[in-house]
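In what follows, chains are A, B, ... by sequence order, proteins preceding strands, each numbered from 1.
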Amino acid sequence: MRVSINEKSFCVKEDSTLFEIRNRFKKDADVVILNGFAIEKDEVLKENDKVVLIKKGEIPSEEELEHLLVSRHTPKVYDKLKKEAVGIAGLGGLGSNVAASLSRIGIGKLVLVDFDVVEPSNLNRQQYLIKHLGMKKTEAMKEMILEINPFVKVEIKDKYITEDNVLDIFKNVDIIVEAFDSAKCKASLVSEILTKTKDKVIVAASGMAGYFSSNTIKTKKISNRFYLIGDEINEAKEGSGLMAPRVSIAANHQANMILRLIMEQKEI
Amino acid sequence: MIVNGKNIDYKERITVENLLEKLDLNMDEVVVEVNLNIISKENYSDILLNKEDKIEIINFVGGG
């Protein structure tokens with residue numbers, strides 16, 4: 001009969017048990033999952049059962065991890081993602097969440113740019129952990145990506161982006177995420193990319209503070225090269241701070257628009 | 001002219017910079033598109049708008 005073991009299909013003899021399979025395929029596995037449930041007691045397998053064998057803390061081989069990702073995304077999607085490089089300008093609430101989502105789906109390469117360090121106040125909405133306090137955001141994000149999907153190529157640039165260096169910083173990416181905090185920096189980056197490059201696409205965000213309705217955060221297509229996400233109204237101010245839910249909703253609108261662009265879906 | 005989908009009429013001819021002033025918008029926090037072309041900030045004071053122009057002004061707010 002056929003069973004799936006760590007997402008690969010194998011032919012095993014009838015009446016094979018779960019622990020026999022573990023001993024044969026991954027003797028040192030300390031977690032055994034059968035059809036989505038962690039199992040402590042041995043049992044007989046049935047046709048088409050799905051077995052996942054995990055050794056805690058072990059990093060899967062590139063081939064194994066790639067196979068796991070492909071089986072979740074279908075090969076056509078994964079092949080395209082793997083070839084793509086995306087630049088992220090700013091690694092705060094928006095940028096750190098976009099970076100995490102794109103890493104999870106198996107983006108080929110990320111160019112991460114920020115000059116800042118992780119502060120305690122960032123933990124209310126940004127991906128960082130207590131252990132990252134005081135670290136450069138670029139270093140902390142790279143460390144986290146390596147734990148999410150170690151096969152994403154990560155290039156970090158510990159720089160303050162200006163009109164003079166922006167084109168050089170993003171020269172090797174096709175898609176740029178505007179993930180700054182200040183309205184001036186947002187406007188300036190979008191304007192530079194759209195007026196000084198011919199074909200780069202920018203996915204920007206404006207308006208995601210507070211706890212207003214999630215449904216007011218929208219993706220808008222301004223042009224073929226400019227997408228804007230947010231409610232366009234609610235800025236960060238006293239009494240209406242930036243918080244994880246709406247900031248990550250906006251960030252994942254950005255990540256999904258990028259995924260759509262990579263899959264050649266240009267409409268919103 | 002049409003600004004963000006709304007008809008606005010001005011008696012005199014105005015530049016992009018004048019329009020932003022009239023709408024009380026900060027020049028440094030907007031991106032302006034005239035007839036689908038993004039305008040560089042350096043040109044805001046030079047470009048005279050026409051009454052048939054379609055203008056999109058994206059006014060960024062802070063937070064991220």
Side-chain angles (χ1 to χ4, degrees), chain A residues 88-98 114 125-126 163 177-197 202 204-210 220 222-237 240-243 246-247 250-251 254, chain B:
Chain A
I88 303 184
L91 293 174
L94 293 168
S96 66
N97 281 298
V98 173
D114 204 304
R125 67 187 189 284
Q126 307 184 13
E163 291 175 2
V177 182
E178 178 284 303
F180 288 144
D181 191 42
S182 113
K184 277 186 185 135
C185 295
K186 286 171 181 288
S188 159
L189 177 70
V190 170
S191 173
E192 283 299 300
I193 297 300
L194 293 177
T195 55
K196 306 237 171 92
T197 74
I202 187 151
S206 175
M208 76 294 296
K220 249 168 87 174
I222 310 287
S223 74
N224 284 335
R225 296 177 53 213
F226 178 17
Y227 294 83
L228 183 67
I229 279 111
D231 63 21
E232 295 185 67
I233 297 167
N234 291 299
E235 62 186 315
K237 59 182 181 200
S240 177
L242 292 160
M243 287 180 278
R246 284 183 107 236
V247 174
Q254 289 181 296
Chain B
M1 59 191 78
I2 299 171
V3 181
N4 292 356
K6 283 186 199 132
N7 257 307
I8 304 190
D9 225 359
Y10 293 111
K11 287 197 177 70
E12 69 279 32
R13 283 200 76 189
I14 58 169
T15 64
V16 173
E17 189 175 350
N18 299 147
L19 177 65
L20 294 173
E21 277 164 13
K22 283 175 189 291
L23 297 173
D24 200 22
L25 292 171
N26 183 338
M27 219 168 80
D28 294 327
E29 297 181 350
V30 297
V31 169
V32 181
E33 198 186 66
V34 178
N35 304 326
L36 303 177
N37 296 311
I38 299 284
I39 309 296
S40 284
K41 204 162 81 183
E42 304 88 80
N43 299 330
Y44 285 177
S45 54
D46 307 329
I47 292 183
L48 275 168
L49 295 166
N50 298 303
K51 64 170 187 258
E52 56 275 13
D53 283 343
K54 272 184 82 174
I55 300 137
E56 281 292 323
I57 303 171
I58 294 95
N59 182 30
F60 281 94
V61 298

(message) How about NZ on A/Lys196, more than 12 heavy atoms from neighbouring residues, nucleotides or ligands closer than 6.0 Å, or not?
(response) yes

Toward chain B, the part of [X] with a non-hydrogen atom under 4.5 Å:
X: A/Asn97; answer: neither
X: A/Arg225; answer: neither
X: A/Ile233; answer: backbone
X: A/Ala204; answer: side chain
X: A/Ala205; answer: backbone

(message) Using modelled atom types and a 3.5 Å cut-off, is there a donor and acceptor pairing between side-chain atoms of A/Lys237 and backbone atoms of B/Gly62?
(response) no

(message) Using only atom types and a distance under 3.5 Å, with no angle test, would you say the side chain of A/Thr197 pairs donor to acceptor with the backbone of A/Ile193?
(response) yes

(request) For chain A, find its close neighbours in residues 16-44 of chain B: heavy-atom separation under 4.5 Å, sorted by number, or none. (result) B/Asn26, B/Asp28, B/Glu29, B/Val30, B/Val31, B/Glu33, B/Ile38, B/Ile39, B/Ser40

Counting C-beta onward and ignoring hydrogens, is there a side-chain heavy-atom pair between [X] and [Y] closer than 4.5 Å?
X: B/Ile47; Y: B/Thr15; answer: no
X: A/Gln254; Y: A/Tyr227; answer: no
X: A/Ile202; Y: A/Leu189; answer: yes

(request) Nearest 0.5 Å please: distance from the CD1 atom of B/Ile55 over to the CG atom of B/Asn4. (result) 9.0 Å

(request) Grab the two heavy atoms, one from A/Ile229 and one from A/Ala250, that are nearest each other, plus how far apart they are. (result) CG2-O, 3.5 Å

